[in-house]
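A short write-up of the structure that comes next.
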Amino acid sequence: MKIFAPLFPLIDKLNAVPRSTARGVLGVYYYVDDAAAAVTALRQLGHRDLRVYSPVPYHQIERALEQGPSVVRWVTLGGALLGITGGFALCIYSVLAWPLVVGGKELVSIPPFVVIGYESMILLGSLANLLGMLALTRLPELKATAPYDPRFTEDRIGIWVPCAGEAATKAEAVMRGQGAEEVAVHA
Amino acid sequence: MSEITYEPASDPAGVGVTEHLPETVTQKSLNRDVLRMLERPGKIWWGVFLLDLAILSLGLIAERNQIVYGIGAAGHTRPVMWASYVTNFVFWVGIAHCGTLVSAILFLFRSHFRRAVYRVAEAMTVFGVLTAGLFPIVHLGRPWFAYWLFPYPNQRGIWPNFRSPLEWDVFAVTTYLTVSSIFFIVGIIPDAAVQRDNAKNRFHRLLGTIFSFGWRGANTQWKHFYSAYLYFAAFATPLVLSVHSVVSWDFAMAQIPGWHSTIFAPYFVAGAIFSGVALVINLLIIIRKGFKLEHIVTADHIEKLAKLVLLTSTIVGYSYMVEFFCAWYGPSRFERDMFWWRFTGHFWWAAWIMFTCNVIIPLLLWFKKVRRNMTVLFIIMLFVNVGMWFERFVIIVSSLAHPFNPSTWGVNYRMDWTEAAILAGSFAWFGMYFLLFIRLLPAISVAEVKETLAPPMRGGHA
């Protein structure tokens, strides 16, 4: 593993929490219903840009956040349409550019081209789906943009509220009132 | 209410939470148990890995000979020019199909038992396609010209023949490799974050950081992730059905007796799932025993997979009989002669191995005790994979050895040591990837298995 050693400091740096730039309040919860109630209360206070970390997605929290459907579907549809069009176009262009009659069949033979169009649709649709997902989830996230705790991939739920001053004090009080195990203010 | 795009983690009754996992399993213990697989490998792992590399080296030496002396070194003779290389290609593509079945099709059907087993199946898919993809290249007389298979603008102005099933194969298999690799790597993202956050050494933290893409498990990330995952599954499902259909058309589009059949596409797809699920059961039995994960990959999970093997075995058995019926009842005497020859001619032993392993032995799976006995199940699944390799051998070699021209009937194919070494090398190639994978990345989806656990609720479950 020594050959990877030069990369280790870089990895540590990337995973470090950027305390100096991120301001807000981070609450840590164990119970899902507590976290969902905290989200609802914080949203009533006017905090719309909450970030909720969890080891798995929970419906209660999604409902509390009133999240709409992902738009990744439209990116995927665009890729799939481009794929099927491109697949047929490639076949038709190539047989016209290199006219070689095989078995007395028409040069532009649609049935065999369906296979190429179909596979191209799936290929480009999937690639678009991947790119859309990465863009919307802001991945790869090379450097953490907000405080984060490794327990959020274990069994704890985190709520990050970007705010400062009096708003932070109120947010902290709300979080403690809703059963937060820990609350840290990053001022 | 917004649209729900992922499976509910907060409805334990609805997802059958306690159906498979013991109550002692918690979110924390899952992290610990799965990441234990990544600890320093022991002597057994090293022994198996070195043996694997030795077999792979033998395959590479055989391939080197074939490149230096030409494809004749493999002992291929007319009329059986496709011989074992195309047999291996179809076998490995078939093996690959199980991963997509378990990860995509069962995901769409909300079949929750998949969560504990799908990562192993998906890894098998990717490594299976990587192995399958070697054989068209190995089979080329000049493998360095393999890129000619792909359409690209060139100074000669020529293009591949898109009306040929072999070119369809290029598109189908490369699309399958690409999409299944994406599906596999995307599925690993949340688990790699677990690895990054809990790694015991910096090398595994490095891997976790790379494969997690900086995942934090934020609400917006889960939302887009599961939405995209749904579409990956929606694409992968018709893809997996199309890939083995296209592979079957390599044969079915030809006029050769024994190949020219409309049932080939569904017959091949069922056979692919049959062999793939059998191999995934073999691998899971080893992994759960070797890493003491019987409480995560439970006997229930394995039993459900065994039921899939039983189902697909009956489809495969039915297909054999339909083939025979069509040959007997249909108008073609060549077809009739072919099927009679398959079971009574020069390769009768291969046809009977196929039938015994794929139809008769899996009948034992009707018994619950057999489905839950890991030793017996392991042996049955080995037979299934032997049988499925022979199925492809029978379809390809026996049909080619007994064509329309009787003068070639006496020239019978025999497997040369070069072919045998390359076949063994392909298993080692697959094994090498798999052995490395289980030691480098989480082989069980921690995030998805956590969804089967009851979520912690102060007010009790909904």
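Lettering of chains follows the sequences in order, A, B, ..., and the numbering in each one begins at 1.
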> Passes side chain to side chain contact (heavy atoms under 4.5 Å, CB included), Ser54(A) versus Asn219(B)? Steps please.
Replying inline: CA-CA 7 Å; Ser54(A) 57; Asn219(B) 54 305; over 6 Å; no
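- Considering Arg176(A), Arg156(A), Arg151(A) as possible partners of Glu182(A), the one that fulfils the side-chain hydrogen bond (donor to acceptor under 3.5 Å, both in side chains) test is Arg151(A).
- The contact between Trp215(B) and chain A is made by backbone and side chain atoms together, counting heavy-atom distances below 4.5 Å.
- Val186(B) touches chain A through its side chain: at least one heavy atom from C-beta onward sits under 4.5 Å away, while N, CA, C and O do not.
- Between chain B and the options Phe113(A), Phe152(A), Trp160(A), the largest number of non-hydrogen pairs under 4.5 Å is found for Phe113(A).
- Contact annotation for residues 89-100 of chain A against chain B (heavy-atom separation below 4.5 Å, listed by residue number): Leu90(A), Cys91(A), Tyr93(A), Ser94(A), Val95(A), Ala97(A), Trp98(A), Leu100(A).
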>> Working note: Asp197(B) + Tyr148(A), criterion side chain to side chain donor-acceptor pair (under 3.5 Å); need CA distance, chi angles, decisive distance, verdict.
In response: CA-CA 11 Å; Asp197(B) 292 344; Tyr148(A) 170 80; 2.5 Å; yes
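- With sequence neighbours excluded, the residues satisfying ring-ring contact (aromatic ring centres under 6.0 Å, His included) with Tyr229(B) are Phe107(B), Phe183(B), Phe225(B).
- Across Gly179(A), Ala80(A), Pro150(A), the residue that shares the most heavy-atom pairs under 4.5 angstrom with chain B is Pro150(A).
- In summary, the aromatic rings of His97(B) and Tyr176(B) are positioned with their centroids under 6.0 Å apart.
- Between chain B and the options Leu50(A), Leu134(A), Leu107(A), the largest number of non-hydrogen pairs under 4.5 Å is found for Leu107(A).
- Of the charged side-chain nitrogens involved, at least one lies within less than 4.0 Å of a carboxylate oxygen, so that Glu448(B) and Arg114(B) count as a salt-bridged pair.
- Your options are Leu239(B), Asn161(B), Val243(B), and the one with the most heavy-atom pairs under 4.5 Å with chain A is Leu239(B).
- Dense packing is recorded around OH of Tyr118(A), with more than 12 heavy atoms of other residues, nucleotides or ligands lying under 6.0 Å away.
- Partners of Trp148(B) by ring-ring contact (aromatic ring centres under 6.0 Å, His included), not counting sequence neighbours, listed by chain and number: Phe145(B).
- Residue contact with chain A, scored on non-hydrogen atoms closer than 4.5 Å, is absent for Asn201(B).
- Looking at Pro238(B), the atoms closer than 4.5 Å to chain A (heavy atoms on both sides) sit in the backbone and in the side chain alike.
- In terms of heavy-atom pairs under 4.5 Å with chain B, the best-connected choice from Leu130(A), Leu65(A), Val52(A) is Val52(A).
- The part of Ile182(B) that comes within reach of chain A is its side chain, from C-beta onward, which places non-hydrogen atoms under 4.5 angstrom from that chain.
- Looking at Lys223(B), its side chain does come within 3.5 Å of a backbone N or O of Gly68(A) through a donor-acceptor pair.
- Heavy atoms closer than 4.5 Å to chain B are found in the side chain of Asp34(A), but not in its backbone.
- For the set Met253(B), Lys28(B), His224(B), the count of heavy-atom pairs under 4.5 angstrom toward chain A peaks at His224(B).
- Looking at residues two or more places apart in sequence or on another chain, you find no salt bridge (Lys or Arg N to Asp or Glu O under 4.0 Å) involving Arg196(B).
- In this structure, Val126(B) and Glu122(B) have side chains that are not in contact, with every pair of non-hydrogen atoms separated by 4.5 Å or more.
- Proximity to chain A (any heavy atom under 4.5 Å) is shown, for Leu30(B), by neither the backbone nor the side chain.
- When the shell of 6.0 Å around CZ of Arg48(A) is examined, it contains more than 12 heavy atoms from other residues, nucleotides or ligands.
- Note on Arg202(B), Arg32(B), Glu167(B): by heavy-atom pairs under 4.5 Å with chain A, the leading option is Arg202(B).
- Residues Glu119(A) and Ser242(B) have side chains that bring a donor and an acceptor to within less than 3.5 angstrom of each other.
- For the options Thr209(B), Thr174(B), Val446(B), Thr178(B), heavy-atom pairs under 4.5 Å to chain A are most numerous at Thr209(B).
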